[in-house]
Amino acid sequence: MSLKKYIDLTIRIIRYNLKIIFAGKFFWFLLAAFAFFAFFMFQQAWNRAEINEGSIYNLLLFPCLLLIFYPVVFGIQNDEDNRILEIIFGIPNYRYKVWGVRMLMIYVANYFILVLFAYVARVLLYPVNTVEMAFQLLFPMLFFGNLAFMFSTTTRSGNGTAVIMIIFGLVFFIFMNANKQITHTYWNIFLNPFSIPNDIHPMIWQNTILKSRLFLLIGAVIWLMIGFLNLQGREKFV
């Protein structure tokens, strides 16, 4: 196969998978994410609250998780509804060739959407580094996105996974905010790297951020591997 044909084939495969991943209700989730983001920005400006990089990160965190929700939670169910699950399972090492590529495309696409959201915040509220802001948001996105993927391979139901993720998200949020001992530690899944506490030395804070990102990244890898292992039982899906 020539290089030109290989590139054309790769582009076709990417387009086909993007149509599957972001078809259906993703547009409404994207619209909802931007609507929540716009509402939060308006509320910040209306209340004349202090606006800095930390507050912009908090504004983007919920839209960030909302963007990853639909393509990961309902991915397997969409394949089943479109009657292509049997075809996917017929591909050798389909877990890595299909879902590995899909997950990569989901995160890359959502990263650029977050860059766009951060640019809107930069123009309207505060001059933030859009690339760095989106990069930091990738870590909680990876953690919760891969966790949702793991649950979707376990329940094999988009609605069931959605309920589980909402419950887990609420439990995590309430626990992290109620327990003041871990609020500014790397165990806090929602740790804001741009909100520097007054009683912590900057060097210690940088070390905490590094450990937090490693913790989220390791957790994301574990969830992804468990999800891939669950896909081995193809008889449970077809």
Side-chain angles (χ1 to χ4, degrees), residues 18-19 21-74 103-148 162 165-166 168-170 172-174 176-177 183-184 186 188-200 202 205-206 208-210 212-213 216-217 220:
L18 286 175
K19 286 181 180 179
I21 294 168
F22 299 110
K25 301 176 183 177
F26 178 76
F27 173 76
W28 301 109
F29 277 85
L30 175 61
L31 192 62
F34 186 78
F36 276 110
F37 178 53
F39 173 75
F40 294 153
M41 284 196 302
F42 174 79
Q43 191 177 42
Q44 286 280 85
W46 181 264
N47 295 330
R48 297 183 179 180
E50 181 182 358
I51 300 176
N52 49 40
E53 287 185 319
S55 58
I56 299 298
Y57 181 89
N58 287 331
L59 290 177
L60 286 168
L61 184 58
F62 180 74
C64 161
L65 299 180
L66 196 58
L67 285 172
I68 199 66
F69 189 84
Y70 176 76
V72 175
V73 168
F74 291 92
M103 296 293 283
L104 177 62
M105 287 192 293
I106 289 171
Y107 290 123
V108 170
N110 283 335
Y111 171 79
F112 286 107
I113 294 174
L114 286 175
V115 170
L116 181 61
F117 280 20
Y119 180 76
V120 173
R122 175 189 176 89
V123 173
L124 298 179
L125 291 180
Y126 189 84
V128 298
N129 186 326
T130 57
V131 174
E132 182 184 2
M133 182 66 66
F135 176 75
Q136 291 294 340
L137 287 163
L138 267 181
F139 291 94
M141 179 188 284
L142 282 167
F143 183 87
F144 282 101
N146 289 355
L147 182 64
M165 286 306 301
I166 291 173
F168 265 80
L170 290 174
F172 281 142
F173 183 78
I174 293 173
M176 296 298 171
N177 284 273
T183 301
H184 298 305
Y186 58 86
N188 184 3
I189 299 172
F190 301 102
L191 181 71
N192 187 337
F194 298 100
S195 181
I196 304 176
N198 296 325
D199 56 344
I200 297 180
W205 181 244
Q206 290 297 323
T208 301
I209 294 173
L210 178 60
S212 169
R213 273 32 199 163
L216 292 177
L217 189 60

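Just so it is clear, the structure is predicted and the values come from calculations on it, not from any experiment. Hydrogens, waters and symmetry mates play no part in the numbers below; they use all other heavy atoms, side chains included.
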Atom [atom1] in [X], atom [atom2] in [Y]: separation rounded to 0.5 Å?
X	Y	atom1	atom2	value
M141	Q136	CE	CD	13.0 Å
I113	L60	CD1	CG	12.5 Å
T208	R213	OG1	CZ	11.5 Å
N110	L116	CG	CG	12.0 Å
I196	W205	CD1	CH2	7.5 Å
Q44	L125	CD	CG	7.5 Å

Heavy atoms only: give me the nearest [X]-[Y] pair and the separation to one decimal.
X	Y	result
T130	V115	CB-O, 4.0 Å
N129	E53	N-OE2, 4.2 Å
S212	N188	OG-O, 4.2 Å
V128	A118	CG2-O, 3.9 Å
G54	N192	O-ND2, 2.7 Å

Do [X] and [Y] touch side chain to side chain, with heavy atoms closer than 4.5 Å?
X	Y	result
Y57	S195	no
L216	P140	yes
N146	Y107	yes
F117	M133	no
L217	L142	yes

I'd like to know whether OH of Y111 has more than 12 heavy-atom contacts from other residues, nucleotides or ligands below 6.0 angstrom. yes
Please work out which of the three classes, parallel, tilted or perpendicular, describes the rings of F62 and F36, given edges at 30° and 60°. perpendicular
Stepwise, does the side chain to side chain contact (heavy atoms under 4.5 Å, CB included) test hold for V123 with Y119? CA-CA 6 Å; V123 173; Y119 180 76; 3.7 Å; yes
Does the pair I106 and I68 meet the rule for a side chain to side chain contact (heavy atoms under 4.5 Å, CB included), with working shown? CA-CA 8 Å; I106 289 171; I68 199 66; 3.3 Å; yes
Ring centres of F144 and F190 under 6.0 Å apart? yes
Checking side chain to side chain contact (heavy atoms under 4.5 Å, CB included) for the pair L66/F37: CA distance, chi angles, key distance, verdict? CA-CA 11 Å; L66 196 58; F37 178 53; over 6 Å; no
